[in-house]
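Structure, as structure tokens:
From a predicted model like this one, the values you see are computed outputs, not experimental measurements. So you know, we letter chains A, B, ... as the sequences are listed, proteins then strands, and number each from 1.
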Number of protein chains: 2
Amino acid sequence: MCTVSKSQIKREALVKATVNLVNNNGFHAAPMSKIAKMANVSPGTIYLYYKNKQDLINQVYIEVKTAFTKFAFKDYEENFSVEKGFKNIWKNLAEFKLKEVEEAMFLSQCDNTPMIDEPSRKEGLKHLQPLLDLWERGQKEGIIKPVSPYMLYAFSIYPIAFLMNMQQRELIKLTPAHVNDAYEMAWSSIKI
Amino acid sequence: MCTVSKSQIKREALVKATVNLVNNNGFHAAPMSKIAKMANVSPGTIYLYYKNKQDLINQVYIEVKTAFTKFAFKDYEENFSVEKGFKNIWKNLAEFKLKEVEEAMFLSQCDNTPMIDEPSRKEGLKHLQPLLDLWERGQKEGIIKPVSPYMLYAFSIYPIAFLMNMQQRELIKLTPAHVNDAYEMAWSSIKI
DNA sequence: CAAAAATAAATGAACGTTCATTCATAATTA
DNA sequence: TAATTATGAATGAACGTTCATTTATTTTTG
């Protein structure tokens, strides 16, 4: 038997509602009243959990980002070879982005707008360290191109968000074969 | 002597103001009143040029996107080799994204939010055709990986936006050497 | 070529609506 | 029942948009 506090349930409902509304209409069309209604909560209740709308968005961002990065490393082990480790993490990231579309779209929107404040952005990046460590190891081993992690991220991870976007807009349909192609492109851009 | 109509000047001022405000605060914090003030125009005047706020955003998007793609092909010739042609276009895109930061940030925001409606998105893509043609030729010649243009775009072009974002947030500083590294990564991800 | 008339462009105060936020009250819990 | 949690109507600020009016430009007239 597992107990979850009532307030935790409300928080989760609020997170879900916020993600959903911001996702489909953008920040500017996700009023607190609608978020409250969708979460089956009164508008006033939101302010028991969050200081204001900005705080709500920031916290939701951090929560979703944390879930995202947790998922990325769920079965990762530090003694993996660089190539195997990268493949493992990359596939997880892709799986998340293509299956948890709601969350992923929300993150993509947050990461490309001034919606989130800088401290929360920093906070959201915390859990990415294992990937950075892996890349550093790869560079020491002469396997990974000797460029900044931002560059590695830009070419191997960031593109997944684009593909997800295109799939969401029904401009492409990503089969497992396509995902494999994408992985090969990611790897070939960062390997020496 | 070159004559520019007064209304064109106003339009340009409005475009500039819209880009600037949406850029720094997001769509939700770019009220018509502020846009008007920044463009030295009365709020009412905006509605002589644009049907409503959505229409303003859509049109500004198309205008900026067109400028962006025009810049991409400014010195491109169809008889270039695939590799030379791609390098040419890529460098132009990078130059635009890193020099016309305001416009580029605005586009990045538009492309990752539900801010712009679908018809305007389609319109904005129109002028990218030469790049798609080049890729197709490259695929026929066995130089470019046989994957969809969306995939090629995701891995070779889209990453530039990420790097631009990071530079804007002062997390990296892109020297010409870095831009070259980035180009090599873009090319290695799409070449066979 | 002035002066007058007509048209067009631009204004900004005002309107109705929507929003984030508050708070007096109610429900729940322990 | 005292304390905690939740409610939702109320509030005032801010928003997009309108429109009666003013200002600028063009056309017509004598």
Worksheet entry | Aromatic centroids of A:Tyr158 and A:Tyr153 separated by under 6.0 Å | no

Fill in: Under 4.0 angstrom between B:Tyr49 side-chain N/O and C:dA9 OP1 or OP2
no

Fill in: Separation of C:dT18 P from A:Ile35 CD1 (nearest whole Å)
17 Å

Worksheet item: Rounded to whole angstrom units, what separation is found between the CG atom of A:Leu56 and the C1' atom of C:dC19?
Response: 15 Å

Fill in: Nucleotide C:dT17, atom P - distance to NE2 of A:His28 in whole Å
20 Å

Worksheet item: What is the distance, rounded to the nearest whole Å, between atom NZ of B:Lys51 and atom C1' of D:dT18?
Response: 15 Å

Worksheet item: Side chain of A:Thr45: nearest nucleotide among D:dT17, D:dA6, C:dT11?
Response: D:dA6

Practice prompt. Provide, to the nearest angstrom, the distance between the CE atom belonging to B:Met32 and the P atom belonging to C:dG12.
Written response: 16 Å

Worksheet item: C:dT18 C1' sits how many Å from B:Lys53 NZ, rounded?
Response: 13 Å

Discussion item. Please tell me if A:Lys10 has a side-chain N or O lying less than 4.0 Å from either OP1 or OP2 of D:dA6.
Written reply: yes

Response to the item:
Side-chain contact check for B:Pro43: nearest option of C:dA10, C:dG12, D:dG8 is C:dG12

Discussion item. Of the listed nucleotides (D:dG16, D:dT7, C:dT11), which one gets closest to any side-chain atom of B:Leu48?
Written reply: C:dT11

Worksheet, complete the sentence: Distance col, row A:Asn88:CG vs A:Tyr76:OH, nearest 0.5 angstrom, shows 8.5 Å

Worksheet entry | Side-chain N or O of A:Tyr47 closer than 4.0 Å to phosphate OP1/OP2 of D:dA6 | no

Practice prompt. Specify the separation, in whole Å, of atom CG of B:Asn40 and atom P of C:dG12.
Written response: 11 Å

Worksheet item: Does the cation-pi check pass for A:Lys65 over A:Tyr61, that is, NZ or CZ under 6.0 Å from the six-membered ring centre and within 45° of its axis?
Response: no

Discussion item. Checking B:Ser189 against B:Lys145 for the side chain to side chain donor-acceptor pair (under 3.5 Å) test, could you report, in this order, the C-alpha distance in whole Å, the side-chain angles of both residues, the deciding distance, and whether it holds?
Written reply: CA-CA 9 Å; B:Ser189 73; B:Lys145 286 179 183 158; over 6 Å; no

Worksheet item: Between C:dA10 and B:Ser42, is there an OP1 or OP2 to side-chain N/O distance shorter than 4.0 Å?
Response: no

Worksheet item: To the nearest Å, how far apart are A:Ile46 CD1 and C:dA20 C1'?
Response: 10 Å

Discussion item. In the structure I gave you, are the side-chain heavy atoms of A:Gln59 and A:Arg11 within less than 4.5 Å of one another anywhere?
Written reply: yes

Discussion item. Need to verify one output field. Residue with the more 5' nearest nucleotide on DNA chain C, A:Lys34 or A:Gly44?
Written reply: A:Lys34

